[in-house]
Asker: 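The structure that follows is given in the form of structure tokens.
Only a predicted model underlies this, so the values are computations on that prediction, with no experimental measurement involved.
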Amino acid sequence: MKKAATALACSLLTACATQPALTELTVNSGVARNPDQLALEFDKADLQLRVEPASRSIRGDALLTFGTRAPLDRIDLDLDRNLPIDAIEVDGQPLPAARWRNPEGRLAIDLPRRLEPGRQVTIRVRYHGQPHVAKKAPWDGGFVWSTTPDGQPWVASAVEGEGCDLFWPCIDHPMGKPKQVDEHITVPAPLVAAGNGVAMGVTDADGWRTWHWRAKNPSTYGVSINVGPYKLLEGSYASRFGNTIPLRMWYLPQSEKGARELFAEFPQMLDFFEGTIGPYPFGDEKMGVVETPHKGMEHQTINAYGNGYAKTPYGYDDLLQHEFAHEWFGNQLTNADWDDMWLHEGLGSYMQPLYMQSLRGDQEYFAALLQQRAAIRNKAPIVSGKPRREEDVYVIERGGPGQDIYYKGSLVMHTLRGLIGDDAFFRTVREAVYGSADPRPGNFAPRYGTTPEFMAIARRVSGRDLDWFFQAYLYQAALPDLQATRSGDTLQLAWKTEKDTPFPMPVEVRVGQRMVSLPMTGGRGSVAIGKGESWTLDPHSRVLRRELRFERYQQYLDEQKKKKAAK
């Protein structure tokens, strides 16, 4: 999501200036769950949300059903404190206001009686207010209150960084998914509310229209609001796995030409992902896309799209393809912690070079990889090995890897593929995504994944010790440096890693017209070079490694940025 380049700014949204600041708890998705939250089993969320564009406000009525793995006297939820609570009920009974509190965005609800394992409790929270307005969606998240070219309301949510608690009471952690979400989105008629999952019906009353949607196991920030005077394109895709997948795209009437061209790309993208990774995870719901007033976001089965139907020399819409990749890497396979976010973004980003290789061949594959390689910064490891919040990952100033979870993650996957071969690589990815090497529609469910689990799968599937590989690429900031020294007629090669960890990465060297493969046992190797012979390290670009040309290029970009800022 966050790699995209432009979006609507807060200067267009006057509510930004008057809104209270978010608390540290609310602004950061993925704050460690306390013991009470860890015990909860989130079975169902039934959300009734009335979206009022004229006042840029919402009214919410959330009925939440929980079980527990341990006795609980209190339910702790996350909800922005700037959304005042009108009432809370427990199992249908009103709860006195003294029995709940929300000082910092962690809504604590004292239960009338203890919740024991084997029982369920329903919590009803009624609230209202102006949800936090995105300053620059989707990077600084929140609600986007916009208008269409002909002046009609156009509203969207984009809350990956800040989390679901910006507009509904939830557990704002990647592992806080409810098993089912019902959305009843009420909007001024005849506006359309496009939602997650399956359409369950539409009702009208007093000039308002309520759209009912139902989704299974949606990611926490993947539950979304999308409102506008939409038109709908409909179709279906006959999957190679025997099922038929509904195709849906909601678009503004002014965008019909671009929308139809983009809609025509859906089957091709589906065929690539199903052939490369496996079955579309939500084939019994839909592949859905909605045009939004912000750049884009991977909302489960209703991907937000605001790329303006841009054309690229690669011949496909790279924004949609990236967000669609998250149906596999993000919604089917969900990071257990923000520290594992590279599983979403690195694998999702690698799908773009792979897509080009599948459609066009090696030139576009390596061109896409080169573009990604030039953006790698190596300021921090892409995995820290400890729990993190969203901003701890995305913000370099907080010590995070930033965009390296996309681009470095992608090049690490390219290198791993070259090391262990296509069969082992794609089986590793498939097992990480589905928990099975042979997924079929109906025999898998969304799951959580971690970096150690991915590493373990790769070791088992390849039958190789790969700890040295992942230690160097994931847990160290600097890239492995292939140091080459020529002495007479011998070229000496040695790998150097940031922490001096072993790195026996095989290397190819082209000497004159011959190709030499060096196993680099112990991280070292040598090759004979005749008089007048030229040599090239890694001529087929198989290995991600330190190269000064990229560092110099980034220094140049930084200098240009400073000069521009100074003006």
Asker: Check whether any side-chain heavy atom of Leu270 lies under 4.5 Å from a side-chain heavy atom of Phe324, and answer yes or no.
Answerer: yes
Asker: Does a salt bridge link Glu397 with Lys379, judged by any charged N lying under 4.0 Å from a carboxylate O?
Answerer: no
Asker: With heavy-atom distances below 4.5 Å as the criterion, would you say the side chains of Leu22 and Leu166 are in contact?
Answerer: yes
Asker: Among side-chain atoms of Lys177 and Thr334, is any donor-acceptor pair under 3.5 angstrom?
Answerer: yes
Asker: Kindly give the heavy-atom pair with the smallest separation between Glu160 and Met341, and that separation in Å.
Answerer: OE2-CE, 3.1 Å
Asker: Do Lys295 and Asn307 have side chains that get closer than 4.5 Å, going by heavy atoms?
Answerer: yes
Asker: With a 6.0 Å cut-off on the ring centroids, do Trp328 and Tyr280 count as close?
Answerer: yes
Asker: What class does the angle between the rings of Tyr394 and Trp338 fall in, given that below 30° is parallel, 30 to 60° is tilted and above 60° is perpendicular?
Answerer: perpendicular
Asker: How far apart are the C-alpha atoms of Glu24 and Arg389, what are their side-chain angles, what is the distance that settles it, and do they pass the salt bridge (charged side-chain N to carboxylate O under 4.0 Å, His left out) test?
Answerer: CA-CA 11 Å; Glu24 178 71 12; Arg389 303 167 304 172; 2.8 Å; yes
Asker: For Asp340 and Tyr448, test the side chains for any donor-to-acceptor distance below 3.5 angstrom and give the result as yes or no.
Answerer: no
Asker: So do the side chains of Leu466 and Ile420 get within less than 4.5 Å of each other, counting heavy atoms only?
Answerer: yes
Asker: Donor-acceptor pair, distance only, cut-off 3.5 Å: does the side chain of His132 make one with the backbone of Ala21?
Answerer: no
Asker: Just checking, is any N or O donor in the side chain of His326 or Gln332 under 3.5 Å from an acceptor N or O on the other one?
Answerer: no
Asker: Any sub-3.5 Å donor-acceptor pair from Asn28's side-chain atoms to Glu391's backbone N or O?
Answerer: yes
Asker: Could you go through Glu551 and Leu548, starting from their C-alpha distance and side-chain angles, then the distance that decides it, and tell me whether this counts as side-chain contact (heavy atoms from CB on, under 4.5 Å)?
Answerer: CA-CA 5 Å; Glu551 295 175 19; Leu548 288 176; 3.6 Å; yes
Asker: Less than 4.0 angstrom from a charged side-chain N to a carboxylate O is my criterion; do Lys563 and Glu559 meet it?
Answerer: no
Asker: Is it the case that atom CZ in Arg486 sees more than 12 heavy atoms from other parts of the structure closer than 6.0 Å?
Answerer: yes
Asker: Could you go step by step and tell me if Asp558 and Gln554 meet the side chain to side chain donor-acceptor pair (under 3.5 Å) rule?
Answerer: CA-CA 6 Å; Asp558 291 342; Gln554 289 164 358; over 6 Å; no
Asker: Determine, stepwise, if the pair Phe167 / Phe143 fulfils ring pair (Phe, Tyr, Trp, His ring centres under 6.0 Å).
Answerer: CA-CA 9 Å; Phe167 69 98; Phe143 263 59; 5.6 Å; yes
Asker: Might you confirm whether atom CD of Gln363 has over 12 heavy atoms from other residues, nucleotides or ligands at distances under 6.0 Å?
Answerer: no
Asker: Take His322 and Glu298, measure what side chain to side chain donor-acceptor pair (under 3.5 Å) needs, and give me the verdict at the end.
Answerer: CA-CA 8 Å; His322 178 79; Glu298 62 268 23; 5.9 Å; no
Asker: Taking 4.0 angstrom as the limit, do Arg106 and Glu104 come out as a salt bridge?
Answerer: no
Asker: Does the pair Asn217 and Lys179 meet the rule for a side chain to side chain donor-acceptor pair (under 3.5 Å), with working shown?
Answerer: CA-CA 4 Å; Asn217 301 294; Lys179 296 174 185 174; over 6 Å; no
Asker: Does Ala336 offer a backbone N or O that forms a donor-acceptor pair with the side chain of Thr450 under 3.5 Å?
Answerer: no
Asker: Looking only at heavy atoms, what is the nearest atom pair of Ser157 and Ser224, with distance?
Answerer: OG-CA, 3.4 Å
Asker: Going by an N to O cut-off under 4.0 Å, is there a salt bridge joining Asp465 and Arg459?
Answerer: no
Asker: Judged by atom type as modelled, is there a donor-acceptor pair below 3.5 Å linking the side chain of Arg430 to the main-chain atoms of Ser436?
Answerer: no
Asker: Locate the shortest heavy-atom distance separating Pro480 from Ala472; write the atom from each residue and the value.
Answerer: CG-CB, 4.2 Å
Asker: Compare every heavy atom of Pro218 with every heavy atom of Pro178, then report the nearest pair and how far apart it is.
Answerer: O-CD, 3.6 Å
Asker: Answer with yes or no after comparing the ring centroid distance for Tyr221 and His299 against a 6.0 Å cut-off, counting only values under it.
Answerer: no
Asker: For Ala304 and His294, work out which heavy atoms get closest and say how close.
Answerer: CB-CE1, 3.6 Å
Asker: Walk me through whether Glu453 and Arg447 qualify under salt bridge (charged side-chain N to carboxylate O under 4.0 Å, His left out).
Answerer: CA-CA 12 Å; Glu453 181 201 52; Arg447 62 187 307 274; 2.5 Å; yes
Asker: Can you find a pair of side-chain heavy atoms, one from Trp535 and one from Arg510, that are under 4.5 Å apart?
Answerer: no
Asker: With side-chain contact (heavy atoms from CB on, under 4.5 Å) as the test, would you mind laying out the steps for Met505 and Thr415 before giving the verdict?
Answerer: CA-CA 10 Å; Met505 173 65 77; Thr415 306; 3.7 Å; yes
Asker: Give a yes or no on whether the backbone of Val543 and the side-chain of Asp538 come within a donor-acceptor separation of less than 3.5 Å.
Answerer: yes
Asker: Kindly say whether Asn378 contributes a backbone atom to a donor-acceptor pair with the side chain of Asp404 at under 3.5 angstrom?
Answerer: yes
Asker: Side-chain donor-acceptor pair under 3.5 Å between Arg360 and Tyr314, yes or no?
Answerer: no
Asker: So, Gln476 side chain and Glu498 main chain: donor-acceptor pair closer than 3.5 Å or not?
Answerer: yes
Asker: Do Glu508 and Pro539 have side chains that get closer than 4.5 Å, going by heavy atoms?
Answerer: yes
Asker: For the side chain of Glu390 and the backbone of Glu162, is there at least one donor-acceptor N/O pair under 3.5 Å apart?
Answerer: no
Asker: Between Tyr473 and Trp342, is the ring centre distance below 6.0 Å?
Answerer: no
Asker: Are the side chains of Val393 and Arg398 in touch, meaning some heavy atoms are under 4.5 Å apart?
Answerer: no
Asker: With a 3.5 Å cut-off and no angle check, do the side chains of Ser219 and Asn331 form a donor-acceptor pair?
Answerer: yes
Asker: Is Lys561 positioned over the aromatic face of Tyr556, cation under 6.0 angstrom from the ring centre and no more than 45 degrees off axis?
Answerer: no
Asker: Within the structure provided, determine whether Asn303 and Met287 are in side-chain contact (heavy-atom separation under 4.5 Å).
Answerer: no
Asker: For Asp467 and Gln471, test the side chains for any donor-to-acceptor distance below 3.5 angstrom and give the result as yes or no.
Answerer: no
Asker: Are Glu291 and Tyr309 linked by a side-chain donor-acceptor pair shorter than 3.5 Å?
Answerer: yes
Asker: Take Leu347 and Phe454 through the side-chain contact (heavy atoms from CB on, under 4.5 Å) test and state the conclusion after the steps.
Answerer: CA-CA 11 Å; Leu347 283 161; Phe454 186 89; 4.3 Å; yes
Asker: Asp362 side chain to Tyr365 main-chain N or O, any donor-acceptor pair under 3.5 Å?
Answerer: no
Asker: Do the side chain of Arg464 and the main chain of Leu419 share a donor and acceptor less than 3.5 angstrom apart?
Answerer: yes
Asker: Would you call Arg388-Asp339 a salt bridge at under 4.0 Å N-O?
Answerer: yes
Asker: Starting from the C-alpha separation in whole Å, work towards a yes-or-no answer on side-chain contact (heavy atoms from CB on, under 4.5 Å) for Phe329 and Met351.
Answerer: CA-CA 10 Å; Phe329 311 106; Met351 292 303 108; 3.6 Å; yes
Asker: Run the side chain to side chain donor-acceptor pair (under 3.5 Å) check on Ser410 and Gln372 step by step: do they pass?
Answerer: CA-CA 8 Å; Ser410 175; Gln372 294 178 346; 2.6 Å; yes
Asker: Answer yes when Lys496 and Asp481 have at least one side-chain N-carboxylate O distance shorter than 4.0 Å, and no when they do not.
Answerer: no
Asker: Which atom pair, heavy atoms only, marks the closest approach of Gly142 to Ala134?
Answerer: N-CB, 3.7 Å
